[in-house]
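Below is one structure, written out as structure tokens, with a few remarks after it.
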Protein chains: 2
Amino acid sequence: MEPGHTEVTEAQPIHRPGDCRVVGTVLARVGDKWSILVVMTLTDGPRRFNELKRIIGGISQRMLTFTLRGLERDGLVSRTVTPTIPPRVDYELTELGRSLQVPVQALGSWAFANLPTIQAARTRFDAGAEPDAA
Amino acid sequence: MEPGHTEVTEAQPIHRPGDCRVVGTVLARVGDKWSILVVMTLTDGPRRFNELKRIIGGISQRMLTFTLRGLERDGLVSRTVTPTIPPRVDYELTELGRSLQVPVQALGSWAFANLPTIQAARTRFDAGAEPDAA
DNA sequence: CGGAATCCTATGCGATACTG
DNA sequence: CAGTATCGCATAGGATTCCG
């Protein structure tokens, strides 16, 4: 399977909302290296391929292609081709894509708020685990 | 770097709350294959190693170890050793770990609510992309 | 029981080159 | 410009075995 094509389909025991595996399912979709960056970058409106590439920075065209494909496949992003020469392709968040931003932003806020705590815990842990590495 | 040891430290331009890269940062932490499952499994209280392994199902002891280590390192999970023979080790969510569940649950709810939509979009996309595969 | 160490494969993903 | 195709390395992560 190509990167960006995550399987959401699950034969696992999913019963109540917020169940572990459903969460893992979205996470597998959005938790890859680039999807969120793309989704967030599309917040301000439609963007063209190379525009996205430039703004995001550090993403290869290969991964941008795969990521956009995956998002498009899941209905989070729409792709509009204007067959001029050279061709012009615009990517835009769908309604579903925009709705995803809400919980993602929440996670982002949590991250932002707790980053110091996490880093502190990490430093403490690493100090205790490798006292010889002084 | 071992699995489960994600780098949260970032030299990237992080400015406003909910910024792309901060989100990516948490996602890199909890977005791996198992972390969320472990965190969610610990909701009901402390669990022992093999208990977690059994409940989660499908996880190798290697990955459970790495995942727990990573979560412990970030202060999301606490590890309590009872040096009996055989030894007993209990894992429990910390306050930070429990606070993480809130945004994660939100994401889970979104997933649960939109799974049908996503699957429909996916089916439609796959049908259009490979019309020859009939 | 809980975990560490080693092995091995599948995949992620960047770099590069080519096409319409 | 917006891809696609091929290569190649680095990592994730499962299976297995050994240890306290």
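Here is the naming used below: chain letters follow the sequence lines, and residue numbers restart at 1 for every chain.
- For the helix from C:dC1-D:dG20 to C:dG20-D:dC1, the angle separating the two terminal helix axes comes to 40°, with each axis derived from five pairs and the value rounded to 10°.
- The distance from atom CD1 of A:Ile85 to atom C1' of C:dT19 is 13 Å, rounded to the nearest whole Å.
- As a whole-Å value, the separation of B:Asp32 CG from C:dT11 P is 18 Å.
- Put simply, the side chain of A:Leu71 does not reach to within 4.5 Å of the side chain of A:Leu42, judged on heavy atoms.
- Between the CE atom of A:Met63 and the P atom of D:dT11 there is a distance of 16 Å, given to the nearest Å.
- Rounded to whole Å, atom P of C:dG12 lies 15 Å from atom CH2 of A:Trp34.
- Residues satisfying the salt bridge (Lys or Arg N to Asp or Glu O under 4.0 Å) test with A:Glu92, not counting sequence neighbours, are none.
- Scored by the side-chain hydrogen bond (donor to acceptor under 3.5 Å, both in side chains) test, A:Thr67 finds no partners at all (sequence neighbours excluded).
- Atom pair B:Leu37:CG and D:dG13:C1' shows a separation of 15 Å (rounding to whole Å applied).
- A:Arg98 is linked by a side-chain hydrogen bond (donor to acceptor under 3.5 Å, both in side chains) to A:Glu95, counting only residues two or more places apart in sequence or in another chain.
- Comparing A:Arg88 and B:Phe66 along DNA chain D, the residue whose closest nucleotide (by nearest heavy atom) sits nearer the 5' end is A:Arg88.
- In this structure, B:Leu64 atom CG and D:dG13 atom P are separated by 13 Å, rounded to whole Å.
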Along nucleotides 3-9 of chain D, 5' to 3', which nucleotides get a B, which get an S, and which get a -, given that the test is a protein heavy-atom distance under 4.0 Å? SB-B---
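- For B:Thr94, the side chain to side chain contact (heavy atoms under 4.5 Å, CB included) partners at least two apart in sequence or on another chain are B:Ser78, B:Leu96.
- Nearest nucleotide to the B:Pro87 side chain, out of C:dG2, D:dG14, C:dG20: C:dG2.
- Scored by the salt bridge (Lys or Arg N to Asp or Glu O under 4.0 Å) test, B:Arg47 finds B:Glu51 as partners (sequence neighbours excluded).
- Within the 4.0 Å cut-off from OP1 or OP2 of C:dC1, not a single side-chain nitrogen or oxygen of B:Lys53 is found.
- Remark: A:Asp90 pairs with A:Arg88 by the side-chain hydrogen bond (donor to acceptor under 3.5 Å, both in side chains) rule, at least two apart or across chains.
- Here D:dG14 presents its P atom at 7 Å from CD1 of B:Ile59, a figure rounded to the nearest Å.
- Nearest approach of A:Val30 to B:Leu27, heavy atoms of both residues: O-CD2, 3.7 Å.
- Take B:Trp110 and apply the side-chain hydrogen bond (donor to acceptor under 3.5 Å, both in side chains) test, not counting sequence neighbours, and it matches A:Ser99.
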